[in-house]
Student: 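The structure is given below, and queries will be raised subsequently.
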Amino acid sequence: MSLISIKNLWKEYGENIVLEKLNLEIQEGEFCTLVGPSGCGKSTFLKMILGQETPTRGTFLFEGKPFPQEPSVERGIVFQRYSVFSHLNVLENVMLGIELEKSKFLGKLFGAARKEAQKTAMEMLEAVGLASSAYKYPTELSGGMQQRLSIAQSLVKKPKVLLLDEPFGALDPGISADMHTLILDLWKKNNLTVIMVTHDLHEGFYLGTRLLVFDKVRHDPQAPDRYGAKITYDIPVGDNRKSVYKEIDKSIKREENDNEA
Amino acid sequence: MKKLMNLRPSRGTAIFLGLLPFLLIVILYVFASDARLAENPNDKLLPSMHSFVEAIDRMAFTESKRSGENLFVQDTVSSLQRLGLGVFISATLALLMGIPLGLIPYVRSGLSPFVAAFSMVPPMAILPILFIVFGMGEMAKVALIVIGVTPLMVRDLQQRVSEIPAEQLIKAQTLGGSTWTIVVRVILPQMLPRLFDAVRLTLGTAWIFLISAEAIAATEGLGYRIFLVRRYLSMDVILPYVAWITFLAFLFDYLLKKFTYKMFPWYTAGKENK
Ligand SMILES: Nc1ncnc2c1ncn2[C@@H]1O[C@H](COP(=O)(O)OP(=O)(O)OP(=O)(O)O)[C@@H](O)[C@H]1O
Ligand SMILES: [Mg+2]
């Protein structure tokens, strides 16, 4: 059984058709990257998996059952920004996931349980390379460190699928290369299922196991909202052919130029 | 020579410049007062420094002949009790209402129009009602402060809650938070320093209501005293009282600021260093 199973899925905002007739199966353990022109509905797609948005029509199953319609622990998320808690230090940020689960009333652990949570959180911080900053507040961290923290926060919950929405989009190229190594490493070690949206085709093309390209196939210049995006490419990463890369690159860029015009 | 906008005073100069306007006012006052008193020694409008000292000594350092109590201390204590109680109740109500209003759509739909309408009621207009309901005692004065200040704080806090990035609230849910635990662990701790900010901002308004209520019905209090001695044109008492009230207002603002910085280092870390 697929982890995520999507059949004939539509998403509309009023008149605006964002996604149309999407069909997709995602298996456990896959690392899918998602690229496409700006505004084609990548974040919207991720939000539906997360439970923040609901599809307009179609079958949308998670482990064979309808998706929970609000965010829950099965699905972890790392946004581009703002997903760490500024009032907690790094260690407390990671502990929060454990505390919220174990303490249903106060959301806070004490004594031995707290020690235990600290230990687990510290191990996670070591895995993402933040152990030396455990007692800093997020405002004292660089952008890349904040994203590492956000990943650690999610991973401590062992989510069935980890969603990332342009997690490295705001980082310097050098830093984002480090982050690629980190996320691949974590994915392998923890048997994660990952879905990552990115603006950077190069990132999508070489990271992970499967590349999905969202794009509008039909286009009505008079009514740009008439048609939604579909999946135009669904290719396993590994047969990194230059020609395919160029083809996709061209199709995405064309769309973006159209949008600007 | 640098442009004027780029010139910065040294620390000593800055302190001197800061004190200068105060000094000028005092000097100006002394001259004006001398001039008037030279013309008419019984003039009451601008008393001399000497009469201030006498008045302060009479009010603050000797016991009243009639009641045997120190009027100044008594006035200060009663006023601060009313102010403190009023602001404390308002801040508590603001937390209890502002957080649900900002976070829970059902509460917002149900209560937002009411809070908006209620905050439009001019508190001074319902002061008579408060006196009728609560009598002339302490309750009415505290209630006026609460009614005047709470709507401001509630709306401020509601605004702050709705400014929390949606990403954080979603993240907290993926970490296993329920509505309640998210309030306790994410919203409330982030709102506390903002509540202190709101208190600082509304403290001036609270003073207005306090003094108004005391002016109308009280038997002691800073506002009561000022309005009482007005009958005898006792500028020598009024002006020191005004200066004292101003100083207290300044002191509370300063202490609240320092307290917030100390208690919530993460809150101020993001802001510029002051
Ligand atoms: N809450 C909403 N209400 C109405 N329309 C929306 C809403 N959210 C998104 N849209 C519309 O859906 C379309 C897709 O938006 P989405 O954010 O998913 O794009 P995206 O592919 O993530 O773009 P980007 O690469 O710029 O992040 C856009 O046309 C946007 O205007
Ligand atoms: Mg997006």
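Nothing here was measured: the structure is a model prediction, and the numbers come from that model. Chain naming here is simple, since letters A, B, ... match the order of the sequence lines and numbering starts at 1 in each.
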Student: Which atom names give the shortest non-hydrogen contact between B/Gln168 and A/Ser86, and what distance separates them?
Tutor: NE2-N, 4.4 Å
Student: Verify the neighbour count for atom OH of B/Tyr254: are there more than 12 heavy atoms of other residues, nucleotides or ligands below 6.0 Å?
Tutor: no
Student: Should the heavy atoms of other residues, nucleotides or ligands under 6.0 Å from CZ of B/Arg108 be counted, would the total exceed 12?
Tutor: yes
Student: Check each atom of A/Tyr82 against the heavy atoms of chain B and say whether the ones under 4.5 Å are side chain, backbone, both or neither.
Tutor: both
Student: State whether the side chain of A/His87 and the backbone N or O of B/Leu188 hold a donor-acceptor pair below 3.5 Å, judged by distance alone.
Tutor: no
Student: Under a 4.5 Å heavy-atom cut-off, does chain A meet the side chain of B/Val186, its backbone, both or neither?
Tutor: both
Student: Which answer fits A/Val156, side chain, backbone, both or neither, if we ask what part of it has an atom under 4.5 Å from a heavy atom of chain B?
Tutor: neither
Student: Would you find more than 12 non-hydrogen atoms of other residues, nucleotides or ligands less than 6.0 Å from A/Glu28 atom CD?
Tutor: no
Student: Take a 6.0 Å sphere around CD of A/Glu70 and say whether it holds more than 12 heavy atoms from other residues, nucleotides or ligands.
Tutor: no
Student: With only heavy atoms counted, which part of A/Ile98 is less than 4.5 Å from chain B, the side chain, the backbone, both or neither?
Tutor: neither
Student: By a 4.5 Å heavy-atom criterion (distance strictly below it), what part of B/Ala172 contacts chain A: side chain, backbone, both, or neither?
Tutor: both
Student: Would the distance check show the side chain of B/Trp266 and the main-chain N or O of A/Leu88 forming a donor-acceptor pair, the cut-off being under 3.5 Å?
Tutor: no
Student: Please classify the contact of A/Ser83 with chain B as side chain, backbone, both or neither, using a heavy-atom distance under 4.5 Å.
Tutor: both
Student: Other residues, nucleotides and ligands only: do more than 12 of their heavy atoms fall within 6.0 Å of CD1 on B/Ile25?
Tutor: no
Student: Let me know if A/Lys108 has heavy atoms under 4.5 Å from chain B in its side chain, its backbone, both or neither.
Tutor: both
Student: Rounded at 0.5 Å granularity, tell me how far CZ in B/Arg185 sits from CE in A/Met95.
Tutor: 7.5 Å
Student: As an exercise: rank A/Leu106, A/Leu100, A/Ile77 by heavy-atom pairs under 4.5 Å with chain B and give me the winner.
Tutor: A/Leu100
Student: What pair of heavy atoms forms the shortest contact from A/Ser103 to B/Thr181, and how long is it?
Tutor: O-CG2, 3.9 Å
Student: Which bit of A/Ser154 is near chain B, if near means a heavy-atom gap under 4.5 Å: side chain, backbone, both or neither?
Tutor: both
Student: Taking the side chain as every heavy atom from C-beta outward, state whether B/Leu175 and A/Gln153 have any pair of such atoms under 4.5 Å apart.
Tutor: yes
Student: So, does B/Lys171 use its side chain to make a donor-acceptor pair with the main chain of A/Phe85 at under 3.5 Å?
Tutor: no
Student: Contact between A/Lys104 and B/Ser178 at the side-chain level, heavy atoms closer than 4.5 Å - yes or no?
Tutor: no
Student: Kindly check if the number of other-residue, nucleotide or ligand heavy atoms within 6.0 Å of CD (A/Gln69) is above 12?
Tutor: no
